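Just below is one structure, and these are the notes that go with it.
For ligands, and for the atoms within them, numbers begin at 1 and follow the listed sequence. The shown structure was predicted, so the numbers you read here are calculated from the model rather than taken from an experiment. Count residues from 1 along the sequence.
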Amino acid sequence: MKRTRLVLSFPPESVEEPVTYRLITQHDLVVNILRATIDPGKQGRMVVELSGEERDFDSAYNYLEKLGVSIQPLTREIRYLEERCTSCTACLPVCPTAALDVDRDSWQVSYDVEKCVVCLSCVDACPYRAVEVPL
Ligand code: SF4
Ligand code: SF4
């Protein structure tokens with residue numbers, strides 16, 4: 001069983017395609033959508049976690065490439081600098097996956113890399129530069 005996180009970028013002509021449905025029903029993959037956006041130019045971007053057998057990935061990649069979908073591994077990570085974090089919670093409302101979360105007893109903010117989809121929203125939101133994109 002293989003599991004991977006990918007960024008799928010859709011050209012405008014493929015935005016209407018029921019990609020998730022087809023990945024599940026025709027390619028036997030388990031699809032977990034971590035983030036999905038469509039910009040004003042109608043380009044689509046989806047961050048997904050896919051699980052399945054190697055051969056199913058091959059057929060899924062063929063299907064996506066025929067649609068003109070760009071497939072990139074989700075490799076970038078953010079760096080959370082605990083020593084700079086004041087637990088001000090300014091980043092919490094912009095974090096779509098609760099990768100940045102606060103303990104309701106201690107009011108301490110923490111970061112969970114497993115939940116992070118690298119949307120970078122917190123980088124701009126943090127007034128203390130406690131979140132960075134590694135160069
Ligand atoms: S980049 Fe920041 S805002 Fe986006 S998911 Fe990761 S921790 Fe949350
Ligand atoms: S905005 Fe910055 S300082 Fe405030 S809780 Fe989030 S990471 Fe910590």
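- Neither the backbone nor the side chain of V131 comes within contact range of ligand 1; no heavy atom lies under 4.0 Å.
- Backbone or side-chain N, O or S atoms of C116 reach atom 6 (Fe) of ligand 1 at under 2.8 Å.
- Hydrophobic clustering of Ile, Leu, Val, Met, Phe, Trp and Tyr side chains at less than 4.5 Å, counting indirect connections, keeps V94 apart from I78.
- Residue-ligand proximity, T97 to ligand 1, at heavy-atom distances under 4.0 Å covers atoms 5 (S).
- At the shortest separation from atom 2 (Fe) of ligand 2 among protein heavy atoms lies C126 SG, 2.3 Å.
- Contacts of V109 with ligand 2, taken as heavy-atom pairs under 4.0 Å, involve the side chain alone.
- Remark: minimum distance from atom 4 (Fe) of ligand 1 to any protein heavy atom is reached at C119 SG, 2.4 Å.
- Residue contacts with ligand 1 for V123 are absent, since no atom lies close enough (heavy atoms, distance under 4.0 Å).
- For atom 2 (Fe) of ligand 1, the set of nearby N, O or S atoms under 2.8 Å includes none belonging to C95.
- Within ligand 1, the atoms closer than 4.0 Å to a non-hydrogen atom of C122 are 1 (S), 2 (Fe), 3 (S), 7 (S), numbered from 1 in the order shown.
- If you number the atoms of ligand 2 from 1 as listed, the ones under 4.0 Å from a heavy atom of C85 come out as 3 (S), 5 (S), 7 (S), 8 (Fe).
- Ligand-side atoms of ligand 1 in range of L120: 1 (S), 4 (Fe), range being under 4.0 angstrom from any heavy atom.
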Using the side chain to side chain contact (heavy atoms under 4.5 Å, CB included) rule, take V30 and L50 through it: C-alpha gap first, then chi angles, then the decisive distance, then the call. CA-CA 6 Å; V30 177; L50 301 179; over 6 Å; no
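- At least one side-chain heavy atom of S51 sits less than 4.5 Å from a side-chain heavy atom of M1.
- Proximity of C116 to T97: side-chain heavy atoms (C-beta onward) are nowhere separated by under 4.5 Å.
- Protein heavy atom in closest approach to atom 5 (S) of ligand 2: T89 N, 3.3 Å.
- Listed by atom number, the atoms of ligand 1 under 4.0 Å from L100 heavy atoms are 7 (S).
- Counting atoms of ligand 2 from 1 in the listed order, those under 4.0 Å from a heavy atom of C91 are 1 (S), 5 (S), 6 (Fe), 7 (S).
- Here C91 contributes atom SG and Y111 contributes atom OH; the two are 11.0 Å apart, rounded to the nearest 0.5 Å.
- Inter-residue side-chain proximity for E49 and T4 is flagged as unmet; no heavy-atom pair is nearer than 4.5 Å.
- Close contacts of ligand 1 with Y111, meaning ligand atoms under 4.0 Å from a residue heavy atom, involve 7 (S).
- The distance from ligand 2 to the heavy atoms of Y128 drops below 4.0 Å at these ligand atoms: 3 (S).
- At least one heavy atom of P127 sits less than 4.0 Å from an atom of ligand 2.
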L100/Y80 under side chain to side chain contact (heavy atoms under 4.5 Å, CB included): CA gap, chis, key distance, verdict: CA-CA 9 Å; L100 286 159; Y80 170 64; 4.2 Å; yes
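- Between E132 and R84, at least one side-chain nitrogen of the basic residue sits less than 4.0 Å from a carboxylate oxygen of the acidic one, meeting the salt-bridge criterion.
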Could you go step by step and tell me if D112 and D101 meet the side chain to side chain contact (heavy atoms under 4.5 Å, CB included) rule? CA-CA 8 Å; D112 183 345; D101 203 2; over 6 Å; no
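- In this structure a side-chain-to-backbone donor-acceptor pair under 3.5 Å is missing from S59 to H27.
- Counting the atoms of ligand 1 from 1 in the order shown, those under 4.0 Å from a heavy atom of A99 are 7 (S).
- Taking 4.5 Å as the limit, some side-chain heavy atom of L67 sits within range of a side-chain heavy atom of V19.
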